[in-house]
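In what follows, chains carry the letters A, B, and so on, assigned in the order in which the sequence lines appear, proteins first and then strands, with residues in each chain numbered from 1.
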Amino acid sequence: ETGVTQTPRHLVMGMTNKKSLKCEQHLGHNAMYWYKQSAKKPLELMFVYSLEERVENNSVPSRFSPECPNSSHLFLHLHTLQPEDSALYLCASSQDRTGGTYGYTFGSGTRLTVV
Amino acid sequence: QKEVEQNSGPLSVPEGAIASLNCTYSDRGSQSFFWYRQYSGKSPELIMSIYSNGDKEDGRFTAQLNKASQYVSLLIRDSQPSDSATYLCAVRPNTGGFKTIFGAGTRLFVKA
């Protein structure tokens, strides 16, 4: 495996369900990110982890809960979501140690539909 | 004022023409600028980064940065139908930390 791998690719869940999104990066990068992409809107930063420590939490509702057990893996735990949470959820990684100058490598995304 | 602004398009150009994509940003102290390409149904892919005023060329792509005008652009020479995608401008503001601000993207359509 190379790059950034996200699973599942598609997810349909009810508002009372609990599910998790998984991301794994094989690039030796130091930082990992969760972004939300809704139609016609810019990517919205949700969480950033640098060397397993959360360094950004962008006022995300508590029904989204991130977990970073090591520098290669990132999870987004979902519970009691709302229909407006339906979107493309993108994981990304970068070489940054201090929020520097590197661009991102994105995973293929999880298309989430909340019914 | 949006932090990073792009014309949503679609921008339509004939095959072989130069496509010009523009982006303005609000944080005057921003230091790092990126262009991502996103095909329909796919995730964004980094195609260019630029940090200094002037032009940076990579193959058919040229990124241009003017910090005084808070303006960054992407030129695609000899446009191909395979260049049809949404192009996202992204800026690292000068606030420290890891946040990168994205524009909503410009849809480019290259007609064969």
Side-chain angles (χ1 to χ4, degrees), chain A residues 3-7 9-10 21 23 25 27 29-60 68 74 87-111, chain B residues 1-10 23-27 29-52 56 58 61 63 65 67 72 74 85-107:
Chain A
V4 179
T5 305
Q6 273 189 257
T7 55
R9 293 293 302 274
H10 301 273
L21 310 184
C23 178
Q25 60 99 357
L27 300 167
H29 286 171
N30 299 304
M32 296 186 76
Y33 309 76
W34 282 116
Y35 273 87
K36 176 184 178 182
Q37 187 174 36
S38 304
K40 310 288 187 188
K41 295 174 69 175
L43 272 71
E44 300 172 53
L45 178 64
M46 300 177 73
F47 303 103
V48 182
Y49 279 82
S50 173
L51 299 172
E52 301 148 45
E53 178 184 346
R54 190 189 310 181
V55 294
E56 288 273 355
N57 181 346
N58 215 32
S59 301
V60 178
C68 187
L74 185 66
L88 181 66
Y89 288 85
L90 292 162
C91 174
S93 69
S94 72
Q95 287 180 269
D96 301 286
R97 283 187 179 270
T98 58
T101 59
Y102 298 98
Y104 297 158
T105 300
F106 282 94
S108 53
T110 295
R111 173 67 62 186
Chain B
Q1 182 190 8
K2 295 179 185 174
E3 293 179 274
V4 177
E5 290 208 58
Q6 296 180 256
N7 187 320
S8 61
C23 172
T24 58
Y25 59 94
S26 60
D27 184 344
S30 297
Q31 296 295 321
S32 306
F33 306 86
F34 308 93
W35 284 99
Y36 291 83
R37 177 177 62 200
Q38 186 172 23
Y39 291 115
S40 181
K42 303 293 186 182
S43 60
E45 172 193 13
L46 179 67
I47 55 171
M48 289 288 286
S49 57
I50 186 167
Y51 308 105
S52 304
K56 178 181 178 183
D58 184 0
F61 298 99
L65 176 61
K67 290 185 178 180
V72 58
L74 179 70
T86 297
Y87 290 81
L88 308 178
C89 173
V91 176
R92 270 269 169 86
N94 192 33
T95 53
F98 289 78
K99 183 176 290 191
T100 295
I101 309 298
F102 284 81
T106 298
R107 275 187 59 210

Atom group of L88(B) that falls short of 4.5 Å from chain A, counting heavy atoms: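 Only the side chain of L88(B) comes within 4.5 Å of chain A.
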Interface moiety of T100(B) toward chain A, non-hydrogen atoms closer than 4.5 Å: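 Both parts, backbone and side chain.
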Close side-chain approach of C89(B) to F34(B), heavy-atom, < 4.5 Å: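 A side-chain contact is absent here, since even the closest heavy-atom pair is not under 4.5 Å.
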Contact check, side chains of C68(A) and R54(A), non-hydrogen atoms, under 4.5 Å: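 In short, these two side chains do not touch, never coming nearer than 4.5 Å.
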From Y102(A), Y104(A), Y33(A), residue fulfilling side chain to side chain donor-acceptor pair (under 3.5 Å) relative to S94(A):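 So, applying the side chain to side chain donor-acceptor pair (under 3.5 Å) to S94(A) and each of Y102(A), Y104(A), Y33(A), only Y33(A) qualifies.
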Chain B contact via Q37(A) - side chain, backbone, both or neither, heavy atoms under 4.5 Å: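 The side chain, not the backbone.
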Part of L43(A) lying under 4.5 Å from any heavy atom of chain B: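 Both backbone and side chain.
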F102(B) and Y36(B) aromatic ring geometry - parallel, tilted or perpendicular at 30°/60° bounds: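 The arrangement is tilted - the two ring planes meet at 30° to 60°.
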Interatomic spacing from OH in Y87(B) to SG in C23(B) - rounded to 0.5 Å: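 Y87(B) OH to C23(B) SG: 15.0 Å, rounded to 0.5 Å.
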Chain A contacts, top residue of G41(B), S43(B), A90(B) (heavy-atom pairs, under 4.5 Å):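 Of the candidates given, the most pairs with chain A belong to S43(B).
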